[in-house]
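These values consider heavy atoms only, across backbone and side chains, with no hydrogens, waters or symmetry-generated copies.
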Amino acid sequence: MRSKINTEITTVARSLRSHRTPHSDSARNSAIHSDHFPVERGAHGQVRSNLNKPLRIMKFGGTSVGDASCITKVIDIIRAALYERDIVVVVSAMRGVTNQLIEAAVQSEAGNRETVAQIFAGLRKQHDTAVDALIHSDDGRNRIRLQMQELFQEGERLCQGTTLLHELTPRVRDSISSLGERLSAPLIASALAESGVVSDCIEATELVVTDSYHGGAEPWMDLTRARSEARLRPLLRQGVVAVVTGFIGATEEGVLTTLGRGGSDYSATILGAALDADDVIIWTDVDGLLTADPHLVPEACSIPKISYREAAELAYFGAKVIHPKALHPMMKSGIPVSIRNTFAPDKSGTQITPTGPANGRGITALTAIRDAALIIVGGPGLLGVQDVLGRTFATTAAVRTDVLMISQSSSQNDVCLVVSSSQAKRTIEALRHEFAHDLAHEKVEHITVDSTVAIVTVVGQKERGMSGIVGRTFGALCRENIEVIAIAHGASACNISFVVAEKDMKAALVAAHREFHLGELNSPVLPTGSSDRSATWFYESGASTDAD
Ligand code: ADP
Ligand code: ASP
Ligand code: MG
């Protein structure tokens, strides 16, 4: 018995240890090389891109590649775009797959082998069904099945190792959660090949070089640029469409990392900057960046044009449609980013540009973060504690917590921070450790956390005047009997954030959306006090005409 377990541990440990950049064999073997297909466009109707066309990065999210019928739409969009552009495709995992993989990792650590087996069985079924519907040639089907089988086995070995060690390290968690993209990219490359597009699946571990912060790695842009040029440019010259795994990267030493949840948007803009692309399109399941999350505010409508700055604020404060860091790589180069709907490709969606529309309006949109936690470092003794703010923020920075909101009472009795719920535990532990001495001597009375709150943020253009917005928002919330727990108004930023009870979040959004007439597409919404009621609102400038 013992020797069986030892062998199992050795095998698994080897697999965990050797789990470096996985691209080397699997991706290359799986690549749908051009020699697999006729080189010239002809009887098979192959689509090849040509030299000197503008370069576009197109990223498709989980819902867009959710099943075979969605992937068929994706293929149509890529084929249409290829007539005018060179394309690099970035894909997410199929819908729900990353969540399932993370669940498998967590259940493995807890020792629930049966649950893990069920999860993998479900994932195999989901992918098999898509392969059957999309890949018709025996050759193509066998190749992709074999490749997927290897990936599933790799995932199962990682989960077995986690179960045996009773420990889920951040590195292994990244490796397990990366499987979704490593499965979807070859599937989509194969489906493209079936439709006659010469394509090659590339694992982003070959392209995106990151630091070693697992679960939220940051790219090293110079190295990423060099690798992307070396690997992708020759493919572009040959007219091959690269299908790149979103979400993942690797350290310089080749250890796989992930960019954080929802990180495929970031992958797309990192590659856009690395290749100096002409534009980036994020294809998703809604008509662009909307005035609010349409799942919470049904009246929300699409914003045709918006500045990097405002879009970044919206993303940071919860507009999940674009990853909060996705615009960072664009800022230097000014590359435009569009957000468009895979299921309504004729709509032009939202165009995000350095300055946004010429004629803006006071309020652009509302956003919310449901999973927020309010942390209070407080007590009357706080006044006597040296450098409370400095120590608080040095501590949050050390554990890489994104502080979403800060407010401090004037008597300095309380420092309030709002962070994402997923970061609350590690933040509070780190703060208690930092202030342990002060807590023991009652200089700091408490460090508490309330995880039943949400942040609602109003985003607009500072230069259009944000005064009056606070009063109007308060008034609207008050009429709905919604209590505002805390408020933060950036001195230079174009946002105002309110903390409310999580149960009030939806009602708060609906009330503020109505107050600012955000659902009225053609009505100018100017800040209170402005007499310029005739100012042309930015819809005048129209949506992008750059439809494929
Ligand atoms: P993908 O799978 O394409 O990456 P996501 O689920 O990450 O898509 O993001 C799209 C979702 O973002 C939408 O379905 C919508 O519910 C949500 N969302 C939140 N705020 C906004 C907003 N302001 N505009 C558009 N979508 C938003
Ligand atoms: N699949 C990853 C996630 O679900 C990345 C992404 O979809 O952008 O977080
Ligand atoms: Mg997303």
Next on the checklist: Checking T258 against D174 for the side-chain hydrogen bond (donor to acceptor under 3.5 Å, both in side chains) test, could you report, in this order, the C-alpha distance in whole Å, the side-chain angles of both residues, the deciding distance, and whether it holds?
Outcome noted: CA-CA 6 Å; T258 66; D174 267 1; 2.7 Å; yes
Checklist entry - Excluding sequence neighbours, so at least two apart, what forms ring pair (Phe, Tyr, Trp, His ring centres under 6.0 Å) with H513? => result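 If we apply the ring pair (Phe, Tyr, Trp, His ring centres under 6.0 Å) test to H513, skipping adjacent residues, there are no hits.
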Next on the checklist: Quick one, T392 with T395, criterion side chain to side chain contact (heavy atoms under 4.5 Å, CB included). Give me CA distance, side-chain angles, the key distance, then yes/no.
Outcome noted: CA-CA 5 Å; T392 300; T395 306; 5.9 Å; no
Can you measure from [atom1] ([X]) to [atom2] ([Y]) and round to the nearest 0.5 angstrom?
{"X": "I406", "Y": "I375", "atom1": "CD1", "atom2": "CD1", "answer": "12.0 Å"}
{"X": "C416", "Y": "L374", "atom1": "SG", "atom2": "CG", "answer": "5.5 Å"}
{"X": "Q118", "Y": "Q107", "atom1": "CD", "atom2": "CD", "answer": "10.0 Å"}
{"X": "M405", "Y": "N495", "atom1": "CE", "atom2": "CG", "answer": "9.5 Å"}
{"X": "N112", "Y": "E103", "atom1": "CG", "atom2": "CD", "answer": "9.0 Å"}
{"X": "E109", "Y": "T163", "atom1": "CD", "atom2": "OG1", "answer": "9.0 Å"}

Checklist entry - In terms of the angle between their ring planes, are F60 and W283 parallel, tilted or perpendicular, with boundaries placed at 30° and 60°? => result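 It falls in the parallel class, under 30°.
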With sequence neighbours excluded, what pairs up with [X] under the side-chain hydrogen bond (donor to acceptor under 3.5 Å, both in side chains) test?
{"X": "S64", "value": "T342"}
{"X": "T396", "value": "none"}
{"X": "R432", "value": "none"}
{"X": "D504", "value": "none"}

Next on the checklist: Pair L404, S497 - check side chain to side chain contact (heavy atoms under 4.5 Å, CB included), show working.
Outcome noted: CA-CA 9 Å; L404 302 166; S497 294; over 6 Å; no
Checklist entry - Would E313 and T457 satisfy side chain to side chain contact (heavy atoms under 4.5 Å, CB included), going step by step from the backbone distance to the final call? => result CA-CA 9 Å; E313 294 282 331; T457 302; 5.8 Å; no
Item to check | Between T257 and T210, a side-chain donor and acceptor under 3.5 Å | outcome: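 Their side chains do contain a donor-acceptor pair, which is all the 3.5 Å distance test asks for.
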Quick check: closest heavy atoms across [X] and [Y], and the distance to 0.1 Å?
{"X": "T367", "Y": "A319", "answer": "OG1-N, 3.1 Å"}
{"X": "A300", "Y": "P294", "answer": "CB-CA, 4.2 Å"}
{"X": "A424", "Y": "V449", "answer": "CB-CG2, 4.4 Å"}
{"X": "G378", "Y": "D414", "answer": "CA-OD1, 3.3 Å"}
{"X": "S178", "Y": "L256", "answer": "OG-CD1, 3.6 Å"}
{"X": "V399", "Y": "Y213", "answer": "O-OH, 3.9 Å"}

Item to check | Chi angles and distances behind the side-chain hydrogen bond (donor to acceptor under 3.5 Å, both in side chains) call for T162, S108 | outcome: CA-CA 6 Å; T162 303; S108 300; 5.4 Å; no
Hey, does [Y] have a side-chain heavy atom less than 4.5 Å from the side chain of [X]?
{"X": "D293", "Y": "L509", "answer": "no"}
{"X": "E480", "Y": "V510", "answer": "no"}
{"X": "V500", "Y": "V453", "answer": "no"}
{"X": "R370", "Y": "E502", "answer": "yes"}
{"X": "E515", "Y": "R479", "answer": "yes"}
{"X": "M94", "Y": "L183", "answer": "no"}
{"X": "T353", "Y": "Y308", "answer": "no"}
{"X": "L389", "Y": "V415", "answer": "yes"}

Next on the checklist: Under 6.0 Å from the ring centre and within 45 degrees of the ring axis: does the NZ or CZ of R472 meet both conditions for the six-membered ring of F516?
Outcome noted: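 No, R472 does not lie over the aromatic ring of F516.
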Tell me every residue that passes side chain to side chain contact (heavy atoms under 4.5 Å, CB included) with [X], counting only those two or more places apart in sequence or in another chain.
{"X": "A104", "answer": "V116, I119, F120, C159"}
{"X": "S92", "answer": "K59, E181, S264"}
{"X": "I306", "answer": "L289, I303, E310, A311, L314, T350, I352, T364"}
{"X": "S212", "answer": "T251"}

Next on the checklist: Between R400 and D211, is the salt bridge (charged side-chain N to carboxylate O under 4.0 Å, His left out) condition met? List the steps.
Outcome noted: CA-CA 13 Å; R400 288 216 187 183; D211 62 17; 3.5 Å; yes
Are any side-chain N or O atoms of [X] and backbone N or O atoms of [Y], one a donor and one an acceptor, separated by less than 3.5 Å?
{"X": "E445", "Y": "L439", "answer": "no"}
{"X": "S267", "Y": "G263", "answer": "yes"}
{"X": "S307", "Y": "G356", "answer": "no"}
{"X": "K347", "Y": "D287", "answer": "no"}

Next on the checklist: Could you check, using the six-membered ring where one of them is a Trp, whether Y266 and F247 have ring centers closer than 6.0 angstrom?
Outcome noted: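 Between F247 and Y266, which both carry aromatic rings, the centre distance is not below 6.0 Å.
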Item to check | salt bridge (charged side-chain N to carboxylate O under 4.0 Å, His left out) assessment of R391 paired with D438 | outcome: CA-CA 12 Å; R391 287 168 62 195; D438 307 278; 2.8 Å; yes
Show me, pair by pair, the donor-acceptor contacts under 3.5 angstrom made by side chains of residues 95-102, not counting sequence neighbours?
unit_1, atom_1, unit_2, atom_2, d
N99, OD1, R261, NH1, 3.1
N99, OD1, R261, NH2, 2.8

Next on the checklist: According to ring pair (Phe, Tyr, Trp, His ring centres under 6.0 Å), does anything in residues 416-441 pair up with another residue at least two apart or in another chain? List the pairs.
Outcome noted: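 Listed by first then second residue: H437-H441.
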Checklist entry - Hey, mind stepping through M58 and I77 against side chain to side chain contact (heavy atoms under 4.5 Å, CB included) and telling me if it holds? => result CA-CA 10 Å; M58 301 215 291; I77 290 170; 4.0 Å; yes
Item to check | Passing option when V337 is tested against D265, I57, I282 for side-chain contact (heavy atoms from CB on, under 4.5 Å) | outcome: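 Result: among D265, I57, I282, I282 is the only option passing the side-chain contact (heavy atoms from CB on, under 4.5 Å) with V337.
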Checklist entry - Do any pairs count as a salt bridge (Lys or Arg N to Asp or Glu O under 4.0 Å) and have a residue in residues 316-337, sequence neighbours left out, and if so which ones? => result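 Pairs touching residues 316-337 that pass the test: E218-K325.
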